[in-house]
Each structure stands twice: as C-alpha cells, then as structure tokens.
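So that the names make sense, note that chain A is the first sequence line, chain B the second, and so on, each numbered from 1.
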Protein chains: 2
Amino acid sequence: MPARSTLRDRRRQQTAREIQSAMLRLAVRDGYGAVTTEMIATEAGISPRTFFNYYPNKEAALVGKSPEIGPDITESFRQGTGPLIKALFEALDRHLRDSYLNRDTIRMIDTLLERSPELVPQFYASLQTLTAQLAELIGQRQRAIGHHDAELLADMTTHALANAIRSWAQSETMPETDIASHARIQVERIGAIISDRQNENA
Amino acid sequence: MPARSTLRDRRRQQTAREIQSAMLRLAVRDGYGAVTTEMIATEAGISPRTFFNYYPNKEAALVGKSPEIGPDITESFRQGTGPLIKALFEALDRHLRDSYLNRDTIRMIDTLLERSPELVPQFYASLQTLTAQLAELIGQRQRAIGHHDAELLADMTTHALANAIRSWAQSETMPETDIASHARIQVERIGAIISDRQNENA
DNA sequence: GCACAATTCTGCACTGTGTGCAATGTTTGC
DNA sequence: GCAAACATTGCACACAGTGCAGAATTGTGC
C-alpha cells in the first residue's frame, strides 16, 4: 500500500519524520541514554502520549518509518528465474529508488551507532520488517531454499544493505544508485570467503 | 577467565541458572509478556532488586549467561592458517564441548521464540557477546578481511549456530557433537546460494 | 457552508522496568 | 576469629509504555 495521498496521510508521515528528526537531534546532542520520550515530544511539538501513537518505543523512532517494498517490485521478483542474488539486489535497487533517503538523517544515525555501539544490535532488530519481507520473498521465489536458510540470507542482505547505506551517507560522492550494488558486492565477498575463494579475482 | 571454583562463584552461577529457569517456566506457562521481574524474583527465591544484579533486563535472563570462548581455543584459532570456515567451526565445536547445554532449557527457549516471534530479533541481539568475540577473532586471524565483512560473517555464524542448537534440542537423537558441523553446513549452503551453485553436489 | 462521522490528539491514572544508594548479611583470606 | 571483599536487599525515584475517555481536528455528503 503506497500511501494514499490524502492530506491526513501526508501529515502523518510528516509528523513521523518530525519526531525522528527531533529524536536524532537530541540524541546526537545529549547522548542516546539521556533523551527521554518527554523531551522528544516537546522538541517535536506534540504531547508525550502522541509519541507512542507514532512509534512503539524509542528505538523505533531512531530508525524511522521505512516504506515496504511495493507490490510491482515483489511481483516481478517472485516471478523471475535468473540467479537469486542478482534478482534480489535488483529488487532492492528499485526499492531504494522509490524511497527517499536523507543523507543527514543517516549520518546522524551513523554517529549514534558509533558513539553507542550497544545500540547496533537493537538497530538491526528494528530492520526486522524488511528482513522478514525479504525472507518471505526468497522463500516464495526459490522453493528449494529452506525456511531457515531464507531467513539467514535475508538477515545478511539487510545487514549488508544497512552497511552500504551508511557508506553512502559518509561519502560525498557516492551516488544513491550505487547503494544496492555496494551491498551486493559485500554479500558476494562473504560468499567467496565461505567457499575459501578469497584470493580469486584479486 | 574460566570461572574460579570458589564457593561464591559456584553459587553465583547456580543462582543465574535458577533465575533463567524460573523465567522460562513462567514464560512458557503464562506467555512472555505476562511475566514480570517481580514474579521471576519470587519464583527464583530472590528479591526483585537482586534480579538486576544478575541480568541487566528480562531479555538477558531468557538467554542466560553463556561462557566466553576460552583462551586456549582463541589462541589456536588465531594462529591457524587453513581455510577460515573450517577453523572457525572447529573452534566453535571445541567451545561447545566446554559448555553445558541443557536440552530442556533450549526447548523452552525454542517454544517461546515460536510463540512470540517478536522476540527473535531480540534474542539474536542477546547473542551479541558471542558475535562480537567471533568478529574480533576473524579480524585478527585474517587481516585481509575488512571490519564490516568480519562482522557480517560473525553474525551469520552465530545465527547458524543458534539454528543448529535449536535443531539439536528438538531432535531426540542428534548428538551434541554434531551441532557445530550442522551450523557449518548451513553456512556453506548459504555460500553456495550466493555464488549461484545451488545445484552442485545435490 | 454546515452538520456529523471518522480520525487523531491529549491528559490522566496506572503498571512495570531499571538504577543509585546505603544498610545489612555472608564469604574469604589471613 | 577478624577485617576486607563481595552479595543481597529495601527504598526512593525516573522513565517507558498502555488503556481509556473526552476534546480537537479533519474528511464527507449534502
């Protein structure tokens, strides 16, 4: 569901971004642990109670609302037949082109994750929606791949994608359109290490 | 530090296990969300405050305290020179032989993760200690592998290991000594998928 | 424009998590 | 058996998160 464009919905999205941005600003300034939901609400100009209408917890506000993969993309992924990894990252590439990525936002998240490494696992956990969606898609396209394997692969993919997005945010020159292929290259590098082919094509 | 065997330390370990077991019993009976730290404390025969002397939060009590990889194992892993994956899972195999795994405990965890899938990401996050240790070891042994790659690989390994332990707990017949090789096989299967070699050796 | 339906925002009361601190017990080394 | 080290506990407190009900706002049909 690619967000009906009623006034209400646009406002909702706007507020969600507002809250995330307030949270990030405060966390970068005062440290994640020092930020309370009350401070965020005040900074974002809403009541403390309303914060929880937008995000189920503090963590979630950090990551923000990321859109689901659209049905056109999932459809063509499911029905494709080429190499899985190629198709997977093509789908992610298309998905990224649909999403708005804000360099400054990602940079702030990056700063936080560097300053408070204990947040990193929590951060990846917040990407669960994407991971679960990917796992399901992989399972549907490639019936021969078991459930656990699909999940592991999806997890890895999300992880690599997050790494690629972080590199992109850090770099001044890397175009947004390179993110998916960056991630893909990392995954393939891992594949090579697993198969002990580290010194090939070096 | 392989746990000095003073009375104090043995008691500490015992209490930690006691708490975990209390938590699991209650969570299986009433559902994870319905269990409060106070209930756990009562069930385990300690004061509510003491609970937090053992575990930083409810999550952690679920997973329990798992011992670090001993220095003998890490030493020989770091200095080995063969294929990384082989060495990695050999080290894990030795590590598992040092640890006590309790089938019933794992089964209860398994039940919980099935009933409350929202716990799964949190669960993997709790294995962060192991993941971080593995990432560091990989980086030290194989200098050519970048930091991000080592982390991704470590994450995958931990994930696969958790899967293998869960299979072991479910099975009546699988010997404990097969866990590491199970995990290794999963990782290698993923490696093959990445490299689009799914139909080899089938 | 105007009523009224749907939705969203907010305040309030309440349960539960997690921490700091200081008093009180218990273990240990000597 | 004594003093230092460490563990347990109670208490007070700050904050997270939820349910509910009324106020405020926005969308809709006329």
So is A/R12 actually on top of A/Y54's ring, under 6.0 Å and inside 45° of the axis?
yes
Can a side chain N or O of [X] be found less than 4.0 Å away from OP1 or OP2 on [N]?
X: B/R11; N: C/dT27; result: yes
X: B/R12; N: D/dT8; result: yes
X: A/S47; N: C/dC9; result: no
X: A/T37; N: D/dA16; result: yes

With a 6.0 Å cut-off (strictly less than), is the heavy-atom count around CD of B/E38, excluding the residue itself, greater than 12?
no
So with a 6.0 Å cut-off around CD of A/Q170, is the heavy-atom count from everything else above 12?
yes
Start at the 5' end of DNA chain D and walk down; is the nucleotide closest to A/N57 or to B/T15 reached first?
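With A/N57 and B/T15 compared, the 5'-side residue is B/T15.
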Quick one: [X] [atom1] to [N] [atom2], roughly how many Å, whole number?
X: B/L62; N: C/dT17; atom1: CG; atom2: P; value: 13 Å
X: B/I40; N: C/dG16; atom1: CD1; atom2: P; value: 12 Å
X: B/F51; N: C/dT17; atom1: CZ; atom2: P; value: 8 Å
X: B/R10; N: D/dA7; atom1: CZ; atom2: C1'; value: 16 Å
X: B/E38; N: D/dT9; atom1: CD; atom2: P; value: 14 Å
X: B/R8; N: C/dG25; atom1: CZ; atom2: C1'; value: 11 Å
X: A/Y32; N: D/dC15; atom1: OH; atom2: C1'; value: 12 Å
X: A/I19; N: C/dC9; atom1: CD1; atom2: C1'; value: 11 Å

I'd like to know if A/E188 and A/R184 make a salt bridge, using a cut-off of under 4.0 Å between side-chain N and carboxylate O.
yes
Residues B/R94 and B/D98 bridged, charged N to O under 4.0 Å:
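Salt bridge absent between B/R94 and B/D98.
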Indicate, with a heavy-atom threshold strictly under 4.0 Å, whether [X] touches base, sugar-phosphate, or nothing.
X: A/N53; answer: base
X: B/Y54; answer: sugar-phosphate
X: A/T50; answer: base

Is there a donor and acceptor pair, one atom on the side chain of B/R49 and one on the base of C/dG20, closer than 3.5 Å?
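It does, because a donor-acceptor pair links the side chain of B/R49 to the base of C/dG20 below 3.5 Å.
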